[in-house]
Amino acid sequence: MLEHALEGAASKGAETRLFHLYDLDYKGCISCFACKKKGGKSLGRCATRDGLTPLLEEIRGADALILGSPIYFGEVSGEMRSFLERLLFPYLRYEDWSGRTLFPRKIPTAWIYTMNIPEEMVPKMSLERVFQFNAFLLEMIFGPCESLMSFDTLQFEDYSKYEAGMFDAAAKRKRHEEVFPEDCRKAFDLGAKLCNPSQKEREV
Ligand SMILES: Cc1cc2nc3c(=O)[nH]c(=O)nc-3n(C[C@H](O)[C@H](O)[C@H](O)COP(=O)(O)O)c2cc1C
């Protein structure tokens with residue numbers, strides 16, 4: 001879905017880059033507070049140097065940001081949580097209440113989520129809170145945030161080879177063939193929308 005979103009952005013002339021967090025070697029925030037130190041050389045920046053550093057620098061100069069994660073145990077993946085700590089905390093302004101962000105510009109953002117549960121189960125799993133709070137985080141630091149969810153995903157190419165008897169394999173396959181392409185089209189449109197200059201000017 002992220003690839004489709006980036007294709008949408010590229011269709012509007014954007015230069016795009018896709019980073020896979022699992023390819024990077026990094027840890028979450030260690031609370032060193034170098035990013036909050038008065039007059040410190042890392043004020044507003046993450047002082048930890050590791051595999052995440054080039055990505056954090058890339059985002060500092062980006063005009064838009066789309067994050068994607070599967071839902072794992074009712075949240076985004078652990079790697080995504082660790083990444084968010086490192087991305088957001090340095091920009092979180094502690095000085096006073098006149099504004100919460102040290103990020104120098106407003107840029108449009110989006111979340112893309114995939115998950116096994118059908119949409120009807122979202123309230124039961126309290127996932128709205130997760131979607132809302134994650135959108136709030138990006139809005140607070142970067143700018144307006146949209147969220148796109150793909151529900152009831154196909155987990156296995158061949159369900160008969162796995163201990164997964166609780167799922168209706170035929171229904172999963174049908175949905176994958178009929179609904180998932182539509183989710184990918186929505187992702188394309190989302191990417192294109194984030195790069196629409198008139199949209200960006202309105203929201204900045
Ligand atoms: C460790 C783990 C935990 C998961 N937890 C949830 C969950 O809490 N809710 C859910 O709907 N799906 C859960 N899933 C299913 C994934 O969200 C689903 O397979 C998703 O489509 C994977 O993303 P992908 O299709 O982009 O690879 C979990 C899968 C794994 C491997």
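No hydrogens, no waters, no symmetry mates; every other heavy atom, side chains included, goes into these values.
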Note to self: For a quick test of reading the model, state the closest non-hydrogen atom pair linking Lys12 to Cys195 and the distance between them.
What the structure shows: CB-CB, 3.8 Å

Margin query: Assigning hydrophobic clusters by single linkage (Ile, Leu, Val, Met, Phe, Trp, Tyr; side-chain heavy-atom cutoff under 4.5 Å), is Trp111 placed with Ile59?
Written below: yes

Notebook entry, point to check: Is the count of non-hydrogen atoms from other residues, nucleotides or ligands lying under 6.0 Å from Phe73 atom CZ greater than 12?
Noted result: no

Notebook entry, point to check: Within a radius of less than 6.0 Å around OH of Tyr162, do more than 12 heavy atoms belonging to other residues, nucleotides or ligands occur?
Noted result: no

Next item on the list: Determine the minimum heavy-atom distance between Asp183 and Met149, stating which atoms define it.
Entry: OD1-O, 4.4 Å

Note to self: Using modelled atom types and a 3.5 Å cut-off, is there a donor and acceptor pairing between side-chain atoms of Arg86 and backbone atoms of Cys29?
What the structure shows: no

Notebook entry, point to check: More than 12 heavy atoms of other residues, nucleotides or ligands under 6.0 Å from CD of Glu182: is that the case?
Noted result: yes

Notebook entry, point to check: Is a side-chain donor or acceptor of Ser69 paired with a backbone partner of Ser77 at a separation under 3.5 angstrom?
Noted result: yes

Notebook entry, point to check: Can you list the steps and then say if Thr48 with Lys27 is a side-chain contact (heavy atoms from CB on, under 4.5 Å)?
Noted result: CA-CA 9 Å; Thr48 300; Lys27 298 260 190 302; over 6 Å; no

Next item on the list: Test Glu79 against Tyr22 for side-chain contact (heavy atoms from CB on, under 4.5 Å), laying out the working first.
Entry: CA-CA 7 Å; Glu79 258 68 12; Tyr22 279 54; 3.7 Å; yes

Check: Any sub-3.5 Å donor-acceptor pair from Thr153's side-chain atoms to Met115's backbone N or O?
Finding: yes

Check: Which atoms form the tightest heavy-atom contact between Met1 and Thr114, and what is the distance?
Finding: SD-CG2, 3.9 Å

Margin query: Which residues pass the side chain to side chain donor-acceptor pair (under 3.5 Å) test with Ser160, not counting sequence neighbours?
Written below: Asp158

Donor-acceptor pairs under 3.5 angstrom involving side-chain atoms of residues 116-144: please list them, not counting sequence neighbours.
{"unit_1": "Asn116", "atom_1": "OD1", "unit_2": "Lys172", "atom_2": "NZ", "d": "2.6"}
{"unit_1": "Asn116", "atom_1": "ND2", "unit_2": "Gln155", "atom_2": "OE1", "d": "3.1"}
{"unit_1": "Asn134", "atom_1": "ND2", "unit_2": "Tyr113", "atom_2": "OH", "d": "3.3"}
{"unit_1": "Asn134", "atom_1": "ND2", "unit_2": "Val130", "atom_2": "O", "d": "3.4"}
{"unit_1": "Glu139", "atom_1": "OE2", "unit_2": "Cys145", "atom_2": "N", "d": "3.3"}

Margin query: So that I can tick it off, tell me whether Lys193 and Asp189 are bridged by a salt bridge, with the cut-off set at under 4.0 angstrom between side-chain N and carboxylate O.
Written below: no

Margin query: Tell me if a side-chain donor or acceptor on Lys36 pairs with a main-chain N or O of Leu92 at a distance below 3.5 Å.
Written below: yes

Check: How many angstroms lie between CZ in Arg60 and SG in Cys46, if you round to the nearest 0.5 Å?
Finding: 10.5 Å

Note to self: According to a hydrophobic-cluster definition based on side-chain heavy atoms being under 4.5 Å apart (Ile, Leu, Val, Met, Phe, Trp, Tyr only), do Val76 and Phe19 belong together?
What the structure shows: yes

Checklist line | Approximate separation, where rounding is to 0.5 Å, of Ser150 OG and His176 NE2 | finding: 9.0 Å

Notebook entry, point to check: Taking 4.0 angstrom as the limit, do Glu157 and Arg173 come out as a salt bridge?
Noted result: yes

Next item on the list: Indicate, with yes or no, if Tyr94 and Leu43 share a hydrophobic cluster defined by side-chain heavy-atom contacts under 4.5 Å among Ile, Leu, Val, Met, Phe, Trp and Tyr.
Entry: no

Note to self: Check the orientation of Phe103 and Tyr91. Use parallel for under 30°, tilted for 30 to 60°, and perpendicular for over 60°.
What the structure shows: perpendicular

Next item on the list: Consider only side-chain heavy atoms of I, L, V, M, F, W and Y, link residues closer than 4.5 Å, and tell whether Leu2 and Val179 are in one cluster.
Entry: no

Item checked: Check: Arg45 side chain, Leu56 main-chain N or O, donor-acceptor pair, under 3.5 Å -> no

Checklist line | Partner residues of Arg81 under the salt bridge (Lys or Arg N to Asp or Glu O under 4.0 Å) criterion, sequence neighbours left out | finding: Glu75

Check: How long is the span from the CZ atom in Arg175 to the CG atom in Asp152, to the nearest 0.5 Å?
Finding: 5.0 Å

Margin query: To the nearest 0.5 Å, what is the distance between CG on Leu55 and NE2 on His20?
Written below: 12.0 Å

Margin query: Minimum heavy-atom separation for Leu24 and Tyr26, please, with both atom names.
Written below: O-CD2, 3.5 Å

Notebook entry, point to check: Are Phe188 and Ile112 connected in the hydrophobic side-chain network, where two residues link if heavy atoms are under 4.5 Å apart?
Noted result: no

Checklist line | Backbone of Ala62 reached by a side-chain donor or acceptor of Arg105 within 3.5 Å | finding: yes

Next item on the list: Please test Phe33 against Ser31 for side-chain contact (heavy atoms from CB on, under 4.5 Å), starting from the C-alpha separation and ending with a verdict.
Entry: CA-CA 5 Å; Phe33 296 128; Ser31 268; 4.0 Å; yes

